[in-house]
Amino acid sequence: MAVYLTKESKVLVQGMTGGEGMKHTRRMIAAGTDVVGGVNPRKAGRTVDFGDRAVPVFGSVADGMRSTGADITVVFVPPAFARSAVTEAADAGIGLAVVITEGVPVHDSVAFTTYAKARGTRVIGPNCPGLISPGQSNAGIIPADIAKPGRIGLVSKSGTLTYQLMYELRDIGFSTCVGIGGDPVVGTTHIDCLTAFEDDPDTDLVVLIGEIGGDAEERAAAHIRDHITKPVVGYLAGFTAPEGRTMGHAGAIVSGSSGTAQGKKAALEAAGVRVGSTPTETARLVLDLLGNRT
């Protein structure tokens, strides 16, 4: 099994005919993803040749869903158009919208995540690498060849650290890896993914990657303490970040004592999470726990 994304998923790509959309659609198809269509109103009716597959372009998400049965859309559109793209997908009733676009204005993110949730569409992102269920499907920009299928679930704010932990644990493998994005407002949270992994019988352990800024990790810690029975291993980026300075992601800013890596580490450890000081140490903690469970 996997969460949110399986080999049965049928994927549309909004913005498929753009440069980034073309490049990553090719990679998704090579990873086994069932990409069933692109969406571009100006190029509706055309097909795009990806070697082994000719992918049709539809004028709208609704048209693509009616013709293909698509249940996921991956959004590769400029920031100014992300809100309308997600709103269109939600109006069409798609189950999951994976928003790769970075630089989305916060007020737009608030608007489209709220709108989509009210209509039953889960949003992952914005400003995220997407998600991958190795050996099954890949929706986004995560490299497909750095890890194999396995029984670890991973949820991360950081795209780069997603890739690094996948590589560190490549011999063990993953059920699903979800990059939720590091913006101040995202559609899917650590808590959402922890709950999904808790309910997945083929996930034995969860790796949670966080970073400075906000209180998402503290809220995740409280949820782990009260609701998660599977072991969780954590890693936090930003222990050496200077106070009051934005570090990379738009949400990674520390003000006073709020949002610090030390505070997040303490909250997670109080909930029973083992927290590594480096990605390599985090991987060793995972291996130790899995060894104790075999």
Side-chain angles (χ1 to χ4, degrees), residues 1-40 43 46-58 60-61 63-65 67-78 81-82 85-86 88-89 92 94-102 121-150 153-156 159-160 162-163 166-167 170 173-181 187-188 193:
M1 284 188 65
V3 304
Y4 304 143
L5 180 71
T6 72
K7 62 183 179 182
E8 307 301 329
S9 300
K10 296 182 182 298
V11 177
L12 291 174
V13 181
Q14 289 172 266
M16 185 184 75
T17 56
E20 290 298 303
M22 288 281 287
K23 177 174 69 175
H24 290 294
T25 298
R26 192 177 305 277
R27 292 178 177 177
M28 286 189 280
I29 291 171
T33 307
D34 188 10
V35 177
V36 295
V39 179
N40 184 329
K43 298 183 180 180
R46 303 184 188 182
T47 60
V48 179
D49 185 6
F50 288 100
D52 293 340
R53 177 177 302 199
V55 178
V57 180
F58 298 98
S60 68
V61 174
D63 288 346
M65 290 177 66
S67 297
T68 67
D71 52 358
I72 293 175
T73 181
V74 183
V75 180
F76 288 100
V77 302
F81 302 108
V86 177
E88 177 190 336
I94 205 155
L96 176 65
V98 182
V99 187
I100 308 300
T101 307
E102 64 177 318
T121 295
R122 174 175 296 282
V123 173
I124 294 177
N127 189 19
C128 78
L131 69 163
I132 183 171
S133 297
Q136 296 193 57
S137 190
N138 184 11
I141 64 174
I142 297 174
D145 59 352
I146 56 175
K148 67 180 184 180
L154 186 149
V155 53
S156 174
T160 302
T162 298
Y163 313 152
M166 287 177 66
Y167 181 77
R170 61 194 180 278
F174 295 83
S175 54
T176 302
C177 303
V178 187
I180 60 174
T188 294
C193 293

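We're numbering straight along the sequence, starting at 1.
Considering every non-hydrogen atom in both Val75 and Gln14, the closest pair reads CG2-OE1, 3.5 Å. Closest approach of Val98 to Leu131, counting heavy atoms only: CG2-CD2, 3.7 Å. Minimum heavy-atom separation, Val61 to Ala92: CG1-CB, 3.8 Å. Contact between Ala2 and Thr176 at its shortest, heavy atoms only, is CB-OG1, 3.1 Å.
Put simply, the side chain of Lys10 does not reach to within 4.5 Å of the side chain of Thr68, judged on heavy atoms. Asn138 has its side chain out of reach of Arg27: every pair of non-hydrogen atoms, C-beta onward, lies at least 4.5 Å apart. At a threshold of 4.5 Å between non-hydrogen side-chain atoms, the residues Tyr167 and Pro143 do not count as touching. Side-chain contact between Gln136 and Pro149 is absent, with no heavy atoms from C-beta onward closer than 4.5 Å. Taking the side chain as every heavy atom from C-beta outward, Ile132 and Phe174 never approach each other to under 4.5 Å. Side-chain contact check for Cys128 versus Ile180: every heavy-atom pair is 4.5 Å or farther apart. The closest side-chain heavy-atom distance from Met166 to Ile142 is below 4.5 Å. For the pair His24/Val74, no side-chain contact is recorded, criterion being any heavy-atom separation below 4.5 Å from C-beta on.
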Pair Phe81-Thr101, side-chain contact (heavy atoms from CB on, under 4.5 Å): steps then yes or no: CA-CA 9 Å; Phe81 302 108; Thr101 307; over 6 Å; no
Test log, rule side-chain contact (heavy atoms from CB on, under 4.5 Å), inputs Thr188 and Tyr4: CA-CA 11 Å; Thr188 294; Tyr4 304 143; 4.2 Å; yes
Step-by-step side-chain contact (heavy atoms from CB on, under 4.5 Å) determination, Val39 to Glu88: CA-CA 11 Å; Val39 179; Glu88 177 190 336; 4.2 Å; yes
Chi angles and distances behind the side-chain contact (heavy atoms from CB on, under 4.5 Å) call for Asp34, Ser137: CA-CA 7 Å; Asp34 188 10; Ser137 190; over 6 Å; no
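Side chain of Ser67 to backbone of Asp63: a donor-acceptor contact under 3.5 angstrom is found. With hydrogens and angles disregarded, no donor-acceptor distance shorter than 3.5 Å links the side chain of Thr25 to the backbone of Met22. Proximity of a side-chain donor or acceptor of Thr162 to a complementary backbone N or O of Ser156 within less than 3.5 Å is not detected. Using a distance-only test at 3.5 Å, with no hydrogens or angles considered, no donor-acceptor pair links the side chain of Glu102 to the main chain of Asn127. Judged by distance alone, the side chain of Thr33 and the main-chain N or O of Val35 form no donor-acceptor pair under 3.5 Å.
Counting heavy-atom neighbours within 6.0 Å of Phe50 CZ, excluding the residue itself, gives a total above 12. Counting heavy atoms of neighbouring residues, nucleotides and ligands inside a 6.0 Å radius, atom CG of Asp52 does not exceed 12 of them.
A salt bridge does not link Arg170 to Asp145: none of the charged nitrogens lies less than 4.0 Å from a carboxylate oxygen.
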